[in-house]
Protein chains: 2
Amino acid sequence: MRSPSKPNAPKQGAAATPAQVTTVEHTLDTSYLESLLGYNARRAALSVIALFLKRMAPFGLKPVEFSVLTLIAHNPGITSRQTCSALDILPPNLVGIIKSLDQRGLIIRKAHPTDGRAQGLHLSAQGRRLQNEAQMTATALEGDAAHALTPAELDKLKALLRKVYQN
Amino acid sequence: MRSPSKPNAPKQGAAATPAQVTTVEHTLDTSYLESLLGYNARRAALSVIALFLKRMAPFGLKPVEFSVLTLIAHNPGITSRQTCSALDILPPNLVGIIKSLDQRGLIIRKAHPTDGRAQGLHLSAQGRRLQNEAQMTATALEGDAAHALTPAELDKLKALLRKVYQN
DNA sequence: TATTGTTATACTCTATAACTATA
DNA sequence: TATAGTTATAGAGTATAACAATA
């Protein structure tokens, strides 16, 4: 997470000391790194995810688990393989997640109607309830994670981000 | 990485099949996830970083190593502790990075002028050359990572991202 | 022959506790 | 007493190879 411990950011009231700054003043030059898309995207993502983790803790859901649950909710009968493609997860790494959600009684694995190898994923009644509450929490979190942005700016930001990673 | 294997994205030419889609058509509904800031920020960050990793491989630099090297280049004499704060890295995790850069002859650790516990970090001549080339590569990468965006959109995106994680 | 779900496994990243030497 | 750098270590996340069952 590493959130509540960042006493950085150039204090505005810092009376411009001439040249030699021998004191413990954190007047570091990070301007170049802050000009890079990857650096900014990663820092922003970690910041939002830190808040996500805190708010989702009561539901026992980490980001990927929420994504999987939400994907199943909106696509009943989806297979593991499709879930992997959609979320860019490797199949071996999804196995444990699915197993965990299954053991918690949140999802149900049914035999696939046409493909004997695959299995369709569905939410249980309990899973539907939890996903519904979690989704409302995630939606409410949006404004808080980007409290420095106007709603229009937030929409613009998300649209630009999608243009970066889609195709 | 997980880049060269994403045959997702709703194909435009897909003739709208009525209702029952039993074929292996990946018409998954990911619209809700794509409405979330955290999801979009993470996907975009991973996409940019994947390209970064590829382009920086010739220099033997991973994102964090590049960040550390660049921070030292622009702030000669910076301490490990300051580096940790600026990049949101935990001290134990920086030790190995510094040690590696030192053993590669890219940085030099000098005794801190006033604090006997600390040590100032500096680039060697070789480190300066490598950082310079890597920085030019990173700058050139910007446009390619966000080829779907105009230069103005890219600037706007980075400004919005900074507003999310700063303060 | 190719694909789905799976196991086993390795490698990286991130996090906590505790030590030493200096302040 | 607090801080800088460090060690050791645990836990999460991410990656590859290989297998059985089915297509």
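So you know, we letter chains A, B, ... as the sequences are listed, proteins then strands, and number each from 1.
- Rounded to whole Å, the distance from NZ on Lys99(B) to C1' on dA8(D) is 11 Å.
- dT7(C) atom P lies 14 Å from atom CD1 of Ile97(A), rounded to whole Å.
- Residues satisfying the side chain to side chain donor-acceptor pair (under 3.5 Å) test with Thr70(A), not counting sequence neighbours, are Gln131(A).
- Residue Asn93(A) places its side chain closer to dT14(D) than to any other of dT6(D), dT6(C), dT14(D).
- In this structure, Leu90(B) atom CG and dC13(C) atom P are separated by 14 Å, rounded to whole Å.
- One interatomic measurement links the two molecules: CD1 of Ile49(B) to C1' of dA15(D), which rounds to 17 Å at whole-angstrom precision.
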*Steps toward side chain to side chain contact (heavy atoms under 4.5 Å, CB included) verdict (Glu65(A), Met56(A))*: CA-CA 10 Å; Glu65(A) 294 167 332; Met56(A) 287 295 177; over 6 Å; no
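- For the side chain to side chain contact (heavy atoms under 4.5 Å, CB included) test, residues two or more places apart in sequence or in another chain that qualify with Asn75(B) are Leu28(A), Asp29(A), Leu71(B), Ile78(B).
- Between Arg81(A) and Pro91(A), the closest heavy-atom pair is CZ-CG, 3.7 Å.
- As rounded to whole Å, 15 Å separates atom P of dT16(C) from atom CD1 of Ile89(B).
- Listed nucleotides dA15(D), dT7(C), dT7(D) differ in distance to Val95(A); the shortest reach to its side chain belongs to dT7(C).
- Distances shown here put every side-chain N or O of Arg42(A) at or beyond 4.0 Å from the OP1 or OP2 atom of dC13(C).
- One atom, CG of Leu61(A), and another, C1' of dA12(D), lie 17 Å apart when rounded to the nearest Å.
- Both Pro63(A) and Ile98(B) lie close to DNA chain D; mapped to their nearest nucleotides by heavy-atom distance, the more 5′-ward contact belongs to Ile98(B).
- Asp88(B) places its CG atom 11 Å from the C1' atom of dT14(C), with the value rounded to the nearest Å.
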*asked:* For nucleotides 17-23 of chain D, give me one character per nucleotide, 5' to 3': B if any protein heavy atom sits under 4.0 Å from the base, S if the only such contacts are to the sugar-phosphate, - if neither.
replied: B---BBS
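- For residues 45-71 of chain A, every residue pair satisfying the ring-ring contact (aromatic ring centres under 6.0 Å, His included) rule, not counting sequence neighbours, is listed here: Phe52(A)-Phe66(A).
- Summarising the geometry, the separation between NZ on Lys110(A) and P on dT4(C) is reported as 21 Å, rounded to the nearest angstrom.
- The phosphate of dG13(D) has OP1 or OP2 within less than 4.0 Å of a side-chain N or O from Lys62(A).
- For Lys110(A), the side chain to side chain contact (heavy atoms under 4.5 Å, CB included) partners are Ile108(A), His122(A), not counting sequence neighbours.
- One finds no side-chain N or O of Arg81(B) lying less than 4.0 angstrom from the OP1 or OP2 phosphate oxygen of dA23(C).
- Closest to the side chain of Gln119(A), out of dT6(D), dT6(C), dT14(C), is dT6(C).
- For Arg109(A), the side chain to side chain contact (heavy atoms under 4.5 Å, CB included) partners are Ile98(A), Lys99(A), Asp102(A), Gln119(A), Leu121(A), not counting sequence neighbours.
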